[in-house]
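Notes to accompany the following structure.
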Amino acid sequence: MESPSLQTESSASRPGQASEPWAWPLYLFDHRYRLIVVRSAEGRWSGARPDVVPPFSHDRKGLAVLVQAIEEDFGFPGPWAVKAFPDKGTGGGGIILARTEAPDLPLDASARAVFPLEVLSRWAGEDPSKLAENLYRDLPLIYRHAIEIPYLDFQRYDFVYKFRSEKERNTAIYALDDRSKDLYQSKLCEVIKETRRKKENSSSIPAEVDFGPIKYYLPSHFGFCLGVQNAIERAYETLAKHPDQRVFMVSELIHNPFVNEDLRERGLKYLQSDKGEPALNEDSGRPYWEELEANDIVVIPAFGATNEDKVRLIEKGIPLNEYDATCMLVEKVWKAAKRFGESGFSVIIHGKREHEETKATFSNSAHFAPSLVIRNQVEAEKVGAIILEPDPERKRALFEEAGFRHSSGFCPEKDLERISIVNQTTLLRNETLGIIRYFESVMEQKHGKHRVRDFVNGKSRGDTLCYATQVNQDALEKTLEYEMDAAIVAGGKNSSNTFQLFRLCEREYGERAHYIQSERNILSKELVEHYIFPQDPTDRKQGKQEVRPFLQAKPEGPYRILLTGGASCPDGIIQQIINKINGFFDPSTLRPLEDILDEVRSTQPEPG
């Protein structure tokens, strides 16, 4: 017998737990998350279960006994992943879920079969007589834990999609044809990263790129992070691997319109927009979500996906993990939220409630702990006022007035007693740290200095900050020390991390800092089309383009431009911006690219 993956949500000695755990309902799933069922003499389907289940505990050894009974009684091959879930709502009892990765099971359509949960749910609503009483009764409990089915074999520190090493990288996808080369490749950016990016998580001095009449200053770290590279490679690989199947993405792969459009032109379809609006099939007029079939492939983007969207795929029998491109640093936030929840802390998420990553983090967190989302320091202070308010009625009123996004049943009186803070990975690190310090001061005021750690989880301080976002910000800070005629930050209109880079530039250079999507926004040497990021969704002036002055006449000396890109900005876009601006100058005055590359290589930063 192959070694099964066995887990339990609790020990068998948990207070209030049923004394006979083997009496809990057991449900078996195949590798596509379809329930394995058997037909009774009356013609009803029920969950497959060994005829004889020996007593067992919920530890690994005990669940191994159960796996052996499954394999011996049914002849179903393993390896099996098994997990027991106490039902906290009943004060005892629970459910056991098991999944095999074996592609072929010994089934007999007349007596044994597999059905996706979607079909069983439809029968429960339309024709309950097809289901045995126990399956009809347990179906809501199965759905409550359905999100766990793909991850039954996961241990605490397992990730769906780890960063690829340099040897594992599939760089061929960036050179599929001339179109992909133009989008993704730049010899200049490649050399800058080779010479300046000595460490992936540590910034160094910027690169000076001297074309003669114009100088560009690029930070040591800009453009694609490892999570974005992982996601892009997985998307193109999936399209290449399944040329005869429909391949969907839950929403945008990353926040860059040119990457998403290139994937669309190569056959990828999107189930919904970045705002969660369903995409329609132009031929039928119906949402793609409604037309998904078990044979379809669905890729989960770098931001992750909500539990609700994942369950929609699970219930259709569509595999998740093989096509999940969630950044492992986003998943790290989810794991931290789960740990905090299991330790008795509520979770406060510093993020934008409309952002896909925050939606996914909130959905994950709410599965394990009372959770709410705050946008900034202002909203943090509203939470602080609620925490410090002694009157319960006034506390509830303040909470309702604030209008926070919160988990179902969130109670401000008890769920703000002990808190932890996680963040959307693309925000400014110092702002998250400032919010954590603020909540520590609130709890110090309420409970005293020596008890702060009892009420604010101390691990919040560093657990969920994305080093890739931070190192881009650190590298930019080093570049901001130089005087510039203009600063350009390139990235998608909905890219939060790009906006944070722009904020740093704007703080230093004011209206000489410009947020653009590509070279198309540079209208002339004198004018640039700047994007006003919708930081406040209620401000109608935001979310629009405005034409601004760009490079003004200079009496002497070269122009100096700071140029950087967000974590989803391809190197090809940076190169095209340089080409566009250089086109405003007499070609005879511009230095050759090869001379510049040699110069960049020869001015490497000091080690460390």
Side-chain angles (χ1 to χ4, degrees), residues 88 156 329-330 332-353 355 357-359 361-467 469-470 500:
K88 298 174 183 178
R156 180 179 289 271
L329 295 182
V330 172
K332 180 183 176 185
V333 176
W334 302 349
K335 289 179 179 294
K338 179 181 179 180
R339 288 198 308 273
F340 296 155
E342 290 173 342
S343 298
F345 290 87
S346 296
V347 178
I348 295 177
I349 302 162
H350 174 213
K352 301 173 182 178
R353 62 195 295 176
H355 193 282
E357 182 191 323
T358 297
K359 290 178 183 177
T361 297
F362 173 79
S363 177
N364 270 269
S365 176
H367 189 62
F368 299 105
S371 304
L372 65 81
V373 180
I374 59 171
R375 192 177 195 86
N376 48 32
Q377 180 69 30
V378 173
E379 293 196 354
E381 291 174 6
K382 290 181 180 180
V383 175
I386 295 169
I387 291 172
L388 294 173
E389 174 56 53
D391 180 63
E393 188 172 333
R394 176 60 180 158
K395 188 186 289 279
R396 288 191 293 272
L398 289 172
F399 184 76
E400 292 299 322
E401 290 170 11
F404 296 119
R405 174 75 187 276
H406 59 81
S407 53
S408 177
F410 193 99
C411 175
E413 294 166 87
K414 66 179 181 67
D415 292 333
L416 291 176
E417 278 296 304
R418 303 179 75 221
I419 61 173
S420 58
I421 297 89
V422 302
N423 68 307
Q424 180 182 316
T425 60
T426 54
L427 300 182
L428 288 178
R429 179 178 187 270
N430 288 337
E431 290 189 357
T432 297
L433 292 176
I435 286 172
I436 293 172
R437 286 192 294 269
Y438 169 72
F439 281 123
E440 288 172 342
S441 70
V442 168
M443 291 306 187
E444 180 178 341
Q445 182 178 343
K446 184 172 182 179
H447 299 288
K449 185 174 182 177
H450 299 296
R451 299 199 63 200
V452 168
R453 287 290 167 261
D454 294 335
F455 299 96
V456 180
N457 192 305
K459 292 184 178 179
S460 294
R461 187 170 290 279
D463 252 18
T464 67
L465 300 171
C466 168
Y467 78 81
T469 297
Q470 184 57 39
Q500 305 310 322

Atom of [X], atom of [Y] and distance for their closest heavy-atom approach:
X      : Y      : result
Glu440 : Val452 : O-CG2, 3.8 Å
Ile386 : Pro412 : CG2-CB, 4.1 Å
Lys382 : Ala402 : CD-CB, 4.4 Å
Phe345 : Val456 : CE2-C, 4.1 Å
Thr469 : Leu427 : CG2-O, 3.8 Å
Gly351 : Val373 : O-CG1, 3.5 Å

Asn364 vs Val333, side chain to side chain contact (heavy atoms under 4.5 Å, CB included): CA-CA, chis, key distance, verdict: CA-CA 10 Å; Asn364 270 269; Val333 176; over 6 Å; no

With a 4.0 Å cut-off, would you call Arg156 and Glu342 a salt bridge? yes

Measuring from atom [atom1] of [X] to atom [atom2] of [Y], what distance do you get when rounded to the nearest 0.5 angstrom?
X      : Y      : atom1 : atom2 : result
Leu388 : Glu381 : CG    : CD    : 11.5 Å
Leu416 : Lys446 : CG    : NZ    : 8.5 Å
Ile421 : Phe439 : CD1   : CZ    : 6.0 Å
Ile436 : Asn457 : CD1   : CG    : 9.5 Å
Glu444 : His450 : CD    : NE2   : 9.0 Å
Leu433 : Leu428 : CG    : CG    : 10.5 Å

Just by modelled atom types, is the [Y] backbone N or O under 3.5 Å from a matching donor or acceptor in the [X] side chain?
X      : Y      : answer
Arg353 : Phe362 : no
Gln424 : Glu357 : no
Lys395 : Ile387 : yes
Ser343 : Arg339 : yes
Ser346 : Ser420 : no
Asn376 : Glu379 : yes

Do the side chains of [Y] and [X] get nearer than 4.5 Å, heavy atoms only?
X      : Y      : answer
Asp454 : His447 : no
Val422 : Trp334 : no
Glu431 : Asn423 : no
Phe455 : Val442 : no

Return each pair, listed once, that meets side chain to side chain donor-acceptor pair (under 3.5 Å) where at least one residue sits in residues 404-415; pairs must be two or more places apart or across chains. Arg396-Glu413

For Arg375, the salt bridge (Lys or Arg N to Asp or Glu O under 4.0 Å) test, sequence neighbours excluded, returns Glu354

Residues forming a salt bridge (Lys or Arg N to Asp or Glu O under 4.0 Å) with Glu401, sequence neighbours excluded: Arg394

What I want to check is whether the side chains of Gln500 and Thr426 have a donor and an acceptor closer together than 3.5 Å. no

In terms of the angle between their ring planes, are Phe404 and Phe399 parallel, tilted or perpendicular, with boundaries placed at 30° and 60°? tilted

